[in-house]
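When reading the values below, keep in mind they use all heavy atoms of this one structure, side chains included, and skip hydrogens, waters and symmetry mates.
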Amino acid sequence: MLSRLILVSANAVKSSSPLGAGLVQLSHLHTSPNSQAPVPPLPDKGGKTRHGIIPEELFQLLYPKTGVTGPYMLGAGLLTYFLSKEIYIINHETISAACMATVIIYAVKKFGPDVAAFADKLNEEKLQKAEEVKGLAVASLVQAIEDEKKEQWRVEGRNLLFDAKRNNVAMLLETNLRERVHMVNNDVKKRLDYQIALQNLHRRMEQEHMVNWVEKNVITSITPQQEKTSIAKCITDLKSLAKIQQAKATL
C-alpha cells in the first residue's frame, strides 16, 4: 500500500518538479523496449530510512509540496481515514501484530549490528573468494596470452627454419649440380686423354715402323764387300786409338 502511495504521489509531481522529470526519465529508461542503456549497478548498502522502514526518498518527494511535516501528516491522515471509515478495525490481531512488531524491533535493535557484522563478514569472505577466483582467472589468461605470444614467436622461428631448409636444399642441389659437372668434365677429359694417347700410340708406331723400315732397307742395301771393308776400317781405327791411348799412358 505504501508503494502505491509513492507511485500516486510520483505521478502527481511528474509535471511540476525536477524530481518528477527525473522519475519520468527513469521510467522511460527502464520500460522502453528499444533502450540500450546499461542498468546501473546495485548499491553496496541500502538507502537512508526514517523510523527504520520509511524511505528517505518519500520525504524528499513530498518536501517541495508539503514541507517537513507533510509525510507525517499524510501518514496520520491515512491512519485516521482508515480507522474512521472502518477500513481497518482494531482487534486482538492488531495487539498481537503490535507485540510482534515490538519484539521484532527490539530484536533488530539488539541483534541487528551483530547479524549485520556477521553478514558483512560472510560477504567479505565471498568477495575475497571471488577476488581469488578472479585473480586465478586473470593469471591463467595472462599465461594464455604469454603462451600465445610464445607460439607466435615459434611460428616466426618456424619461418626462419623453413628458410634455412630451403637454403640447405638449394645448396644440396648446387652441390649435386657441381658434382655432375665435375663428373662430366672428368669423363670428357678421360675421353680426350684417350684420344691423345691413341694419337701418340699411332705416331710412335709409325715412327717405329719407319725406323725399322729404314734400318731394314739400309741393312739390305749393304753388300758383303762393303761390310768387310767397313769391318776392316773399324779394326784399323780401333788399333790407332789403342796406340794413342798407350802413348798418352806412357807420358
Side-chain angles (χ1 to χ4, degrees), residues 32-42 123-251:
S32 177
N34 297 325
S35 176
Q36 300 297 329
V39 179
L42 295 176
N123 191 19
E124 288 178 358
E125 291 178 356
K126 290 181 181 179
L127 290 176
Q128 186 177 1
K129 291 181 180 178
E131 289 293 333
E132 291 178 357
V133 173
K134 178 182 177 182
L136 292 175
V138 171
S140 63
L141 292 175
V142 171
Q143 185 64 32
I145 292 172
E146 294 296 329
D147 294 340
E148 181 65 23
K149 290 181 179 179
K150 187 180 291 184
E151 291 299 328
Q152 293 178 0
W153 175 75
R154 288 178 178 176
V155 169
E156 294 178 356
R158 188 178 299 172
N159 294 330
L160 298 177
L161 179 62
F162 287 161
D163 293 337
K165 288 185 176 180
R166 293 190 188 95
N167 293 331
N168 291 333
V169 171
M171 291 176 64
L172 289 174
L173 294 175
E174 184 68 21
T175 303
N176 293 331
L177 177 63
R178 291 180 180 273
E179 288 179 354
R180 293 178 180 179
V181 170
H182 182 67
M183 183 171 27
V184 171
N185 187 14
N186 290 333
D187 291 339
V188 172
K189 184 175 181 299
K190 288 179 180 179
R191 291 176 181 271
L192 294 177
D193 292 338
Y194 173 75
Q195 295 295 329
I196 292 173
L198 185 62
Q199 291 178 2
N200 292 331
L201 179 61
H202 289 169
R203 188 179 299 111
R204 188 173 63 254
M205 291 181 67
E206 290 176 355
Q207 290 177 356
E208 290 178 357
H209 177 71
M210 182 62 68
V211 169
N212 292 329
W213 181 76
V214 170
E215 183 179 359
K216 183 178 180 181
N217 291 329
V218 169
I219 290 173
T220 54
S221 62
I222 296 175
T223 60
Q225 185 61 35
Q226 290 178 348
E227 184 176 359
K228 290 179 180 180
T229 303
S230 63
I231 291 173
K233 180 75 168 62
C234 289
I235 292 171
T236 304
D237 292 335
L238 288 175
K239 288 181 179 180
S240 62
L241 290 173
K243 289 179 181 181
I244 292 171
Q245 291 295 331
Q246 289 177 358
K248 288 182 179 180
T250 55
L251 293 176

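Not counting sequence neighbours, Lys165 has no partner by the salt bridge (Lys or Arg N to Asp or Glu O under 4.0 Å) test. Legend: residues meeting side-chain hydrogen bond (donor to acceptor under 3.5 Å, both in side chains) with Asn186, ordered by chain and number and at least two apart, are His182.
The distance from the CD atom of Gln245 to the OG atom of Ser240 is 10.5 Å, given to the nearest 0.5 Å. A distance of 11.0 Å separates CG of Leu141 from CG of Leu136, quoted to the nearest 0.5 Å.
Residue pairs meeting the salt bridge (Lys or Arg N to Asp or Glu O under 4.0 Å) criterion with at least one partner in residues 123-151, sequence neighbours excluded, are Glu151-Arg154. A salt bridge (Lys or Arg N to Asp or Glu O under 4.0 Å) check over residues 187-204, counting only residues at least two apart or in different chains, returns the pairs Lys189-Asp193. Sorted by first then second residue, the salt bridge (Lys or Arg N to Asp or Glu O under 4.0 Å) pairs that include residues 166-181, not counting sequence neighbours, are Asp163-Arg166, Glu174-Arg178.
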Show which side-chain atoms of residues 206-218 pair as donor or acceptor with protein atoms under 3.5 Å away, not counting sequence neighbours.
{"from": "Asn212", "atom 1": "ND2", "to": "Glu208", "atom 2": "O", "distance (Å)": "3.0"}
{"from": "Asn217", "atom 1": "ND2", "to": "Trp213", "atom 2": "O", "distance (Å)": "3.1"}

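Counting heavy atoms from C-beta on, the side chains of Thr229 and Lys233 never come closer than 4.5 Å. Put simply, the side chain of Leu177 does not reach to within 4.5 Å of the side chain of Leu173, judged on heavy atoms.
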Handout entry: Asn123 and Leu127: CA distance, side-chain angles, deciding distance, side-chain contact (heavy atoms from CB on, under 4.5 Å) verdict
Key = CA-CA 6 Å; Asn123 191 19; Leu127 290 176; 3.9 Å; yes
